[in-house]
Number of protein chains: 2
Amino acid sequence: MSKNSPSIRIADLGAHTGQSVEVQGWVTHVRSSGKIAFVVIRDGSGTAQAVLVRSEVEPEVWERFGSLTQETCIRLTAVVREDRRSPGGFELGASDLEILGPSPQDYPIQPKEHGVDFLLDHRHLWLRSARQRAIARVRHEIEQAIRDFFYERDFTLVDTPILTAAIGERSGLFATEYFDEGTAYLAQTGQLYGEAAAAALGRIYCFGPTFRAEKSKTRRHLSEFWMIEPEVAFNDSEDNMRLQEDFVSYIVARAVGRRRVELEELERDVTRLERVKTPFPRIDYGDAVKTLQAKGSNITWGDDLGAEDETLLVADYVTPIFVCNYPKEAKAFYMKENPADPRTVLCNDCLAPEGYGEIIGGSQREDDYDKLLARIHEENLPVEAYGWYLDLRKYGTFVHSGFGLGLERTVAWVCGLPHVRETIAFPRMMNRLRP
Amino acid sequence: MSKNSPSIRIADLGAHTGQSVEVQGWVTHVRSSGKIAFVVIRDGSGTAQAVLVRSEVEPEVWERFGSLTQETCIRLTAVVREDRRSPGGFELGASDLEILGPSPQDYPIQPKEHGVDFLLDHRHLWLRSARQRAIARVRHEIEQAIRDFFYERDFTLVDTPILTAAIGERSGLFATEYFDEGTAYLAQTGQLYGEAAAAALGRIYCFGPTFRAEKSKTRRHLSEFWMIEPEVAFNDSEDNMRLQEDFVSYIVARAVGRRRVELEELERDVTRLERVKTPFPRIDYGDAVKTLQAKGSNITWGDDLGAEDETLLVADYVTPIFVCNYPKEAKAFYMKENPADPRTVLCNDCLAPEGYGEIIGGSQREDDYDKLLARIHEENLPVEAYGWYLDLRKYGTFVHSGFGLGLERTVAWVCGLPHVRETIAFPRMMNRLRP
């Protein structure tokens, strides 16, 4: 063993051209002509091809090569050579090969088509595939972009609670016993807590997992998903939409700018993403209904937009669009009554193009104590649980707005995926709690 | 109303010296001589003092001043003046004052001592106090520092699931019904999932809420807390400790460097934090036991260290310390047997100075299939639930290590707080699920 060769990640090979190094990782492909053998090795940072020349290595090294299977964990000693034809631009001239962890021939995921249920059953191994690694990296880039966007703008991160007694929306709750305090529910939103924090810190956001125990099997729903929810004191509904379009275009530009290789791996048409520029078109709900009716939808004034309506509406645009000021009965109790049309509220959804639909719901919040209390009564919500939330309207009420962006839907859109299930490492759906 | 004055955040006043601006926020203090009045206003970005001269403002403005109470939400029109004596370095020469949201005299949190239970009952308002705002900002800085540390080092963020069927540690679980899939448990750790992801992505971390349904009432426990858990392929226990000390010292330096004002508000002795330099001392578990016995502890070989032991041990140091290679029975089943002493495992705790104790638990993971299976049997864990975890040792097993850092304990230490309950916006404890 050449103990003097430094252990190097494949991503860092470029700094070691001409040197002997050690590389550790997993075998993804092997082939041999009998005289020359090729091993493609993956270490998590990248993939590289190693070449073994039978006449130049010890016989036991050549023999070990013969025992390699997919996913065998190995350590190679090799000289780094520039090679423009190789993936990553380097080739490894191997002098030694050590087997660290063998892998039996029955590795479940073979280079062939598998059904999605089979793959999800083996999600812990499926994650190793090139496509899944690319999605994971794009997701990571988007998450860091989100953190950076808010950090640069002096927002304070506030981690709102998952275990809650009072809740924002009420159907589809996961419940758990909480010591002697009764039943706790898993949060569907951090917004109400975020509003309290906005009065203390001005601009805040929360970003954590949220839960919906809904029996829906669609390509856009998970029972556990991550949501980003900023809340800003003294922002009205217009300010709120400006923040949303700045935010969405920032995320998309960052993913395109820094994860082009991964988006190419996913065969994403990046030019579609490059068209995402501010401002996004604003469409009043009433106009949206008329447009949809003209396009053949059965929607009538008062209905929320369904997934098909969203697709139909956004088909005319290359950027996301805002649909504004929905009817009160279609939206949550906390949204502010629209002074210009009290049948509606000051809110917006943001719909992504290419059929992806709603990625954001946002609104100005009802800041009038009496109107909010009336809405809580109208919706038959337990007033006592909302006492602290009403306090925010009692002690120095303030104009404020915020929104929630669904991370998985956004990742699906940016990556061009047909279903959200691949956007998260271990998706949770109605029929899927394992692995 | 002077509609032409731009609306400015207090943090941005410096760019508007000599100009007329609007500032919106909440009243924290008022006083008046009858001819000159002072209003301290807070907008979340900072606080500033405004001065009203009776002879220079309209009578109704002076009258409105008289109605101000703590937490009244107001809009001031004022000229920004440099004033070195003022907090923030600026004073506002007010010409107009508009009341946006009145606040009744019964605002619960008065400038006097309140009991902690009372304050926690009013946590949604308590957040507005100077001390709580300072803690929130330090926490936010630490969280962003954590994101940046891993991003800069090419770790991929992997959001591990909260709803789980198989779990790492087994006592104190919150449970919920999960559709037709039986009982789901709220995750106590993301580590096992992180190990699967490390084989795909090399260096990963997860960072999310974790849950312990333990009936413990100590100053170091919450039932819901945030944990950071990196996992690195091909890192052994020594590499793991180097990563930990780099990580902890990075976080501390960042908080000290960028949140000095907030740490001063908290009266934190920053010189104690400035002493946190790498390397951190490594103490073998056996030596730690001997030292503790010499100091009068009742600990015997085989016991885990209690909170008092940790305080006693770390008292001799100004930096955090590592205690390494605990007895197998004191630690979790997944830790790798120590080849040099099979009674022990390759692991470490990281103890913070000044009595804060354990902030990190880390280990090299058992990568031998048979040894891991034996440990699962020994601990009477359900083997079928760990099938996918065993797969990681079956298909290309690999040396790997990781650790978990408790965010709230780290924030308590950096801020110098006696209890973790103030480190999170809405703490969840045995007797506290509200607000």
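Note that the structure is predicted; figures quoted are calculated from it, not measured.
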Heavy-atom pairs under 4.5 Å with chain A, option from B/F426, B/Y178, B/Y107, B/W126 with the top count: B/Y178
Options B/Q132, B/H122, B/R258, ranked by heavy-atom pairs under 4.5 Å with chain A, top entry: B/R258
Minimum heavy-atom distance between B/T397 and A/C73, given as atom pair plus value: O-CB, 3.4 Å
Where A/D391 and B/L125 come nearest, the two heavy atoms and their spacing: OD2-CD1, 4.1 Å
Portion of B/F207 that has a non-hydrogen atom of chain A nearer than 4.5 angstrom: backbone
Options B/V158, B/I74, B/D154, B/I424, ranked by heavy-atom pairs under 4.5 Å with chain A, top entry: B/D154
Proximal component of A/R42, with respect to chain B [non-hydrogen, under 4.5 Å]: side chain
B/R432 and A/E181 ion-paired at < 4.0 Å: no
Distance in Å, A/L157 CG paired with B/Q144 CD, rounded so as to fall on 0.5 Å steps: 8.5 Å
All pairs passing salt bridge (charged side-chain N to carboxylate O under 4.0 Å, His left out) where residues 202-211 of chain A contributes a residue, at least two apart: none
Working for ring-ring contact (aromatic ring centres under 6.0 Å, His included), residues B/W26 and A/Y395: CA-CA 10 Å; B/W26 292 266; A/Y395 300 109; over 10 Å; no
Options B/P427, B/S7, B/G44, ranked by heavy-atom pairs under 4.5 Å with chain A, top entry: B/G44
Atom CD of B/Q105: over 12 foreign heavy atoms under 6.0 Å: no
Which of A/G25, A/G101, A/A196, A/G208 touches chain B most, by non-hydrogen pairs under 4.5 Å: A/G101
Residue, of A/A200, A/P435, A/A198, that accumulates the most heavy atom pairs under 4.5 Å with chain B: A/A200
Chain A contact via B/F155 - which portion, at a heavy-atom distance below 4.5 Å: backbone
Residues in salt bridge (charged side-chain N to carboxylate O under 4.0 Å, His left out) contact with B/R254, at least two apart in sequence or another chain: B/E141, B/D148
B/L201 vs A/R128 side-chain heavy atoms within contact, under 4.5 Å: no
Atom pair CZ/CZ of B/R9 and A/F234 - distance to nearest 0.5 Å: 11.5 Å
Worked check of side chain to side chain contact (heavy atoms under 4.5 Å, CB included) between B/R133 and A/T156: CA-CA 10 Å; B/R133 283 182 284 128; A/T156 302; over 6 Å; no
Chain A contact via B/D106 - which portion, at a heavy-atom distance below 4.5 Å: both
Choice from A/E195, A/R123, A/E214 maximising heavy atom contacts with chain B below 4.5 Å: A/E214
Minimum-distance pair of heavy atoms, taken over all atoms of B/A425 and A/D159: CB-O, 4.3 Å
Atom pair CZ (A/F174) and CG (B/L186), whose distance is rounded to the nearest 0.5 Å: 10.0 Å
Contact leader toward chain B among A/N431, A/L100, A/I204, where contacts are heavy-atom pairs under 4.5 Å: A/N431
Pairs of heavy atoms under 4.5 Å with chain B: top-ranked of A/G182, A/A197, A/A233, A/A213: A/A213
Interchain contact, B/P209 with chain A, by part (heavy-atom threshold 4.5 Å): side chain
Minimum-distance pair of heavy atoms, taken over all atoms of B/L163 and A/E224: N-OE1, 3.0 Å
B/H140 ring center within less than 6.0 Å of A/Y151 ring center: yes
Considering all heavy atoms, the nearest B/G396-A/S103 contact: N-CB, 3.8 Å
Chain A interface, residue from B/A175, B/A11, B/A136, B/S45 that has the most non-hydrogen pairs under 4.5 Å: B/A175
Side chain / backbone / both / neither for B/A199 at chain A, heavy atoms under 4.5 Å: both
Contacting moiety of B/T28, where chain A heavy atoms sit under 4.5 Å: neither
salt_bridge(B/E143, A/R147) N-O dist < 4.0 Å: no
Spatial distance of atom CG (B/D43) from atom CZ (A/F398) [nearest 0.5 Å]: 12.0 Å
Portion of B/T160 that has a non-hydrogen atom of chain A nearer than 4.5 angstrom: backbone
Chain A contact via B/E408 - which portion, at a heavy-atom distance below 4.5 Å: neither
Residue part contacting chain B, namely of A/E177, when any heavy atom lies under 4.5 Å: backbone
Nearest heavy atoms of B/S223 and A/F179, plus distance in Å: CB-CE1, 4.1 Å
Euclidean distance, B/I162 CD1 relative to A/I162 CD1, rounded to 0.5 Å: 6.5 Å
Gap separating the OG1 atom of A/T164 from the CZ atom of B/R434, nearest 0.5 angstrom: 10.0 Å
